[in-house]
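Notes to accompany the following structure.
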Amino acid sequence: MARPATVEIDLAAARHNLARVRELAPRSEVLAIVKANAYGHGLTRMAGALDDADAFGVACIEEAGVLRAAGCKHRLLLLEGPFTASELADVRELDLDLVIHNADQIAMLEGAPPGACFRTWLKIDTGMHRLGFAPADVSGVHARLRALACTESEIVLMTHFANAHAPEDAMNRAQLDHFNAVRAELGEFAMNDALSAANSGATLAMPEAHFDWVRPGLMLYGISPFPERSGREDGLEPVMTVRSELISVRTIDKGETVGYGAHWRCPEAMPVGVAALGYGDGYPRAASGAPVLVKGTRTQVIGMPSMDMVTVDLRGVEAPKVGDDVVFWGGALPVEEVARHCGTIPYELVSGVRARARHVEVNGAGLR
Ligand SMILES: *Cc1c(COP(=O)(O)O)cnc(C)c1O
């Protein structure tokens, strides 16, 4: 039998989540974010499941190339734009939209051979201070982009929220005000421009930020961007289930320790299971003590997860035996809860899942 570590991807759940985005933002087009191997869910598989989206957002040419090679015809946006001028030939070949966030990228476009036509998304830094042009520089940059014979007349003005996962935070309103002010200042020069601001948090909680394009990522995978919630509470269905099986069940004596570092000491003689999954699969060491489901019964990881294996407490599990199902997250165990236990965010857990664990699709198929 093959190693039982499995990442199950529910494509019907993904389609449901996209429909939920449409319901929340009925007047907006949807740029589905599939960077980082679709947050660990599998790039081409998710693009297939989400083919009702209007466009896809990726982080690099390589990801865009994979989608085109799989037959994807959607508009594809490079979220950080080109990294070097040498990429522009591929950008044309693959027919990609570009985020333009700094002056070097404008210079790249200005130096591109004539005849090229680029669709650009002009990124404005309204307060996150990661990528983008300061509001004061936007009118000059916008004029430079318009002057390029190689850009289409429609530019998408975009910005990104730092705190959309905290809807009450005053920073959201401030960023939105800056964005609207930039748009107003451009006046008739931005008449043809579309606007885009909302990630998952703003798609769910800030309808006034939906504009022409919403850019959901996390929520398409059925996960809530809000720290104290889970996707189901926001009307989403979790897409990923990480599971494996018990490969050993033994009784360990009272006072004995379990695993590397001897971090767990048995308070009584107790059944201890070993499941085939570890940090080599992307299940973090910080998950020591995290909840797991064994045959659907909630219990906990004991000791430290190792590279290929995790030890679990089987007290309370009815007649445990080798081959029993162990769920690490997904289904009745929200990844949001596991992430809180690990002191991280669900984005990091799902995007960290490795290809080493077997991926299986349920309820549909990806691009072929
Ligand atoms: C990743 C990303 C998103 C999606 O964010 P979520 O919080 O996953 O919805 C949206 N816009 C940009 C520019 C991004 O880089």
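Whatever order the structure lists them in is the order used to number ligands and atoms, beginning at 1.
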Nearest to [atom], what protein heavy atom do you find, and at what distance?
{"atom": "atom 15 (O) of ligand 1", "result": "Lys35 NZ, 2.7 Å"}
{"atom": "atom 7 (O) of ligand 1", "result": "Tyr347 OH, 2.7 Å"}
{"atom": "atom 12 (C) of ligand 1", "result": "His160 CE1, 3.5 Å"}
{"atom": "atom 9 (O) of ligand 1", "result": "Ser200 OG, 2.5 Å"}

Relative to the heavy atoms of [X], which atoms of ligand 1 are at a distance of less than 4.0 Å?
{"X": "Leu218", "answer": "6 (P), 8 (O), 9 (O)"}
{"X": "Pro216", "answer": "9 (O)"}
{"X": "Tyr39", "answer": "1 (C), 4 (C), 5 (O), 6 (P), 8 (O)"}

Practice prompt. Count the heavy atoms of every other residue, nucleotide or ligand shown that sit under 6.0 Å from CZ of Arg250, and state whether that count exceeds 12.
Written response: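 No, not enclosed.
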Practice prompt. Determine the sole option in Val58, Val91, Leu67 for which the side chain to side chain contact (heavy atoms under 4.5 Å, CB included) test with Leu96 is passed.
Written response: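 Among Val58, Val91, Leu67, the one that satisfies the side chain to side chain contact (heavy atoms under 4.5 Å, CB included) with Leu96 is Val91.
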Worksheet item: Would you call Ser224 and Arg232 a side-chain contact if the rule is heavy atoms closer than 4.5 Å?
Response: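 No - every pair of side-chain heavy atoms lies 4.5 Å or more apart.
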Worksheet entry | salt bridge (Lys or Arg N to Asp or Glu O under 4.0 Å) partners of Asp125, counting only residues at least two apart |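 In terms of salt bridge (Lys or Arg N to Asp or Glu O under 4.0 Å), with neighbours along the sequence ignored, Asp125 is linked to no residue.
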Worksheet item: N/O to N/O below 3.5 Å, does that happen between Lys123 and ligand 1?
Response: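 No: no nitrogen or oxygen of Lys123 is under 3.5 Å from one in ligand 1.
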Worksheet item: Backbone or side chain, does any N or O of Arg215 fall under 3.5 Å from an N or O of ligand 1?
Response: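 Yes; at least one N/O pair falls below 3.5 Å.
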Item to complete: Step by step, work out the salt bridge (Lys or Arg N to Asp or Glu O under 4.0 Å) result for Asp281 and Arg358.
Response: CA-CA 10 Å; Asp281 304 289; Arg358 196 160 41 107; over 6 Å; no
Worksheet item: How many angstroms lie between atom CG of Leu122 and atom NE2 of His101, to the nearest 0.5 angstrom?
Response: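 Spacing of CG (Leu122) from NE2 (His101) equals 11.5 Å.
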Report all side-chain donor-acceptor pairs from residues 177-190 shorter than 3.5 Å, counting only partners two or more places apart or in another chain.
unit_1: Asp177; atom_1: OD1; unit_2: Arg173; atom_2: NE; d: 3.3
unit_1: Asp177; atom_1: OD1; unit_2: Arg173; atom_2: NH2; d: 3.1
unit_1: Asn180; atom_1: ND2; unit_2: Leu176; atom_2: O; d: 3.4

